[in-house]
Amino acid sequence: MEDKSTLGKFIQTKRKELGLSQKELAKALYVTESAVSKWERGISYPDITMISGICEVLHISEHELCTASEDRQQRESDLMVKSYKRFVRGYTIITGIGYLAAIIPSFIYNVAHGGIGWFMVLITSLMLTFSFINVPVLVKENRALWTLGASTVSLMLLYAAGCVYSHGDWFVMAVLGTLLGEAIVFLPFVLRSDVFEKYAGNCKGLICMAADSVLTFACVIYGTLKYGDVADLRDGMVATVTCVALVWAVFLIIRYLKVNGFFKGALCFAASAVWVAAMTVLSNAWNGMELSDIISLKGADNNRYDVIVCICLIGIAAVFGIAGAVFKFARKRSQDR
């Protein structure tokens with residue numbers, strides 16, 4: 001705490017700024033007027049039990065009282081906090097009035113016309129809006145996670161209400177497609193958040209890839225069975241397995257192979273070349289071509305383009321491989337020095 005005279009002058013200054021007399025300050029603090037006079041003249045310190053009361057009456061912080069100076073930075077921070085709280089309160093009230101202004105007339109109209117199907121679509125739409133414009137403001141921690149969760153649930157309910165209202169059968173497909181898109185875009189960030197990182201550990205990539213793969217197969221299986229037949233399911237599964245296999249191969253090379261980036265690039269391009277060649281053979285065999293015709297590049301004009309693509313990919317892989325070897329040699333040589 002500052003010396004007695006400095007502290008006394010500070011208390012006197014703050015008292016006068018508030019227009020209080022020594023008697024009024026003493027009454028508010030339940031002490032004698034002479035005690036306040038002794039503080040301000042630097043004769044004695046206030047008792048330590050009086051600090052909170054003095055700060056409350058003089059509208060100052062304990063840090064300001066102990067240092068006998070104004071903490072402008074802290075005051076600005078406090079003002080910003082109070083301003084933000086007022087903003088949140090006003091923002092919530094205004095948006096709440098807007099929601100009620102949309103809900104009440106719509107409910108009355110739908111009830112009067114003997115149905116609430118369209119009203120449920122409106123309610124779920126407002127829930128989705130609330131998730132984006134109110135949840136981030138109302139929640140103090142993990143705003144992104146709460147917003148994502150609330151918007152996802154609201155969107156699913158909106159799908160359900162729209163499906164019932166339109167007498168459609170697209171709800172499951174819409175849900176699977178939405179979950180797949182969210183898993184691809186947002187799941188990596190969700191797993192890196194403080195809430196889930198301790199559980200995911202070093203398996204975040206595997207979890208993301210597994211979730212994306214499962215949802216992809218779910219979309220293909222349900223979509224082909226719902227809107228096609230068993231033959232479509234067979235074709236869809238073959239195409240999905242081959243595409244997912246390439247993605248997994250690239251992921252495993254990049255994530256787990258302990259070589260430099262050039263070698264990883266070379267292996268990724270080489271894997272892509274093998275994939276293109278395998279897809280060419282499988283697709284032509286699927287269409288009834290003989291293996292000898294496929295190898296001799298007969299009967300399909302696009303085979304030559306596939307060969308060109310494979311050659312280009314192999315060439316790029318070779319360039320990356322040479323660069324990787326040079327990089328490894330140069331690095332080893334610099335370490336030997």
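Keep in mind it's a predicted model, so treat the numbers as computed, not measured. We use all heavy atoms of the structure for the numbers below, so side chains are in, but hydrogens, waters and symmetry mates are not.
- When every heavy atom of Phe130 is checked against every heavy atom of Tyr99, the shortest pair comes out as CA-OH, 3.3 Å.
- In this structure, NZ on Lys328 lies 14.0 Å from CZ on Phe262, to the nearest 0.5 angstrom.
- Taking the six-membered ring for Trp, Phe320 and Phe263 have ring centres at least 6.0 Å apart.
- More than 12 heavy atoms of other residues, nucleotides or ligands sit less than 6.0 Å from atom CZ of Arg143.
- When side chains are defined from C-beta on, Val247 counts as touching Met209, because their heavy atoms get closer than 4.5 Å.
- Between Phe119 and Ile103, the closest side-chain pair of non-hydrogen atoms falls below 4.5 Å.
- Here the OG-CG distance, from Ser272 to Leu313, works out to 6.0 Å after rounding to the nearest 0.5 Å.
- Pairing each heavy atom of Val276 with each of Cys310, the nearest pair is CG1-SG, 3.6 Å.
- Clustering ILVMFWY residues whenever any of their side-chain heavy atoms sit less than 4.5 angstrom apart, transitively, puts Tyr165 in the very cluster that holds Ile123.
- Contact detail for Met237 and Phe217: the closest heavy-atom pair is CE-CD2, 3.6 Å.
- Atom CD of Glu197 has more than 12 heavy atoms from other residues, nucleotides or ligands within 6.0 Å.
- Residue Lys198 holds its NZ atom at 10.0 Å from OG of Ser193, rounded to the nearest 0.5 Å.
- In terms of hydrophobic clustering, with Ile, Leu, Val, Met, Phe, Trp and Tyr side chains grouped at heavy-atom distances under 4.5 Å, Leu155 and Leu215 are assigned to a common cluster.
- Under the 4.5 Å side-chain heavy-atom criterion for grouping Ile, Leu, Val, Met, Phe, Trp and Tyr, Val250 is not connected to Leu257 through any hydrophobic cluster.
- Enclosure of atom NZ in Lys204 by more than 12 non-hydrogen atoms of other residues, nucleotides or ligands within 6.0 angstrom is indicated.
- Looking only at side-chain heavy atoms (C-beta outward), Phe10 and Trp39 stay at 4.5 Å or farther from each other.
- No single ILVMFWY cluster, assembled from side-chain heavy atoms under 4.5 Å apart, contains both Leu233 and Val238.
- Annotation: side chain of Thr240 is not in contact with side chain of Ile221 (no heavy-atom distance under 4.5 Å).
- Scanning all heavy atoms of the two residues, the minimum distance from Val195 to Leu145 falls at CG2-CD1, 3.8 Å.
- Under the rule for a side chain to side chain donor-acceptor pair (under 3.5 Å), Gln12 has no partner lying at least two apart in sequence or in another chain.
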Let's go through Cys163 and Asp169 carefully: what are the C-alpha distance in whole Å and the side-chain angles of both, what is the deciding distance for side-chain contact (heavy atoms from CB on, under 4.5 Å) to 0.1 Å, and is it a yes or a no? CA-CA 7 Å; Cys163 194; Asp169 58 352; 5.6 Å; no

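- Taking a cutoff of 4.0 Å between a charged side-chain nitrogen and a carboxylate oxygen, Glu17 and Lys14 qualify as a salt bridge.
- Counting heavy atoms of neighbouring residues, nucleotides and ligands inside a 6.0 Å radius, atom CZ of Phe329 does not exceed 12 of them.
- The number of heavy atoms from other shown groups lying within 6.0 Å of CG (Asp229) is above 12.
- Side chain of Arg255 to backbone of Phe251: no donor-acceptor contact under 3.5 angstrom is found.
- Separation of atoms CD1 (Ile253) and CG (Leu267) is listed at 5.0 Å; rounding is to 0.5 Å.
- In this structure, the side chain of Thr95 engages the main chain of Tyr91 through a donor-acceptor pair within 3.5 Å.
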side-chain contact (heavy atoms from CB on, under 4.5 Å) for Tyr227 and Met173? Distances and angles first, verdict last. CA-CA 10 Å; Tyr227 304 106; Met173 195 68 230; 4.2 Å; yes

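- For Thr178 and Tyr159, the side-chain atoms include at least one donor-acceptor pair closer than 3.5 Å.
- Put simply, the side chain of Ser125 reaches to within 4.5 Å of the side chain of Leu158, judged on heavy atoms.
- Closest non-hydrogen pair, Val88 versus Val137, comes out as CG2-CG1, 3.5 Å.
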Taking it one step at a time, do Asn134 and Thr129 satisfy side-chain contact (heavy atoms from CB on, under 4.5 Å)? CA-CA 8 Å; Asn134 290 98; Thr129 304; 5.9 Å; no

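- One N or O on the side chain of Glu24 and one on the backbone of Ser21 form a donor-acceptor pair closer than 3.5 Å.
- Taking the six-membered ring where tryptophan is involved, the planes of Phe87 and Tyr84 are tilted, since the angle between them lies from 30° to 60°.
- Atom CD of residue Glu182 and atom OG of residue Ser151 lie 6.0 Å apart, to the nearest 0.5 angstrom.
- The side-chain heavy atoms of Pro46 and Ile51, taken from C-beta on, include no pair separated by under 4.5 Å.
- Judged by distance alone, the side chain of Lys264 and the main-chain N or O of Ile254 form a donor-acceptor pair under 3.5 Å.
- Using modelled atom types, one finds no donor on one side chain facing an acceptor on the other under 3.5 Å when comparing Trp275 with Thr242.
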For Leu225 and Asp232: C-alpha separation, side-chain torsions, deciding distance, then whether side-chain contact (heavy atoms from CB on, under 4.5 Å) applies. CA-CA 8 Å; Leu225 290 178; Asp232 295 325; over 6 Å; no

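- When hydrophobic clusters are built by joining Ile, Leu, Val, Met, Phe, Trp and Tyr residues whose side-chain heavy atoms come closer than 4.5 Å, directly or via intermediates, Phe132 is grouped together with Leu157.
- Around atom CZ of Phe189, no more than 12 heavy atoms belonging to other residues, nucleotides or ligands sit under 6.0 Å away.
- Remark: Ile184 CD1 to Asp212 CG distance equals 5.0 Å, nearest 0.5 Å.
- Shortest non-hydrogen contact noted between Leu176 and Ala218 is CD1-O, 3.8 Å.
- Glu40 has a carboxylate O that lies under 4.0 Å from a charged side-chain N of Arg15, or vice versa, which qualifies the two as a salt bridge.
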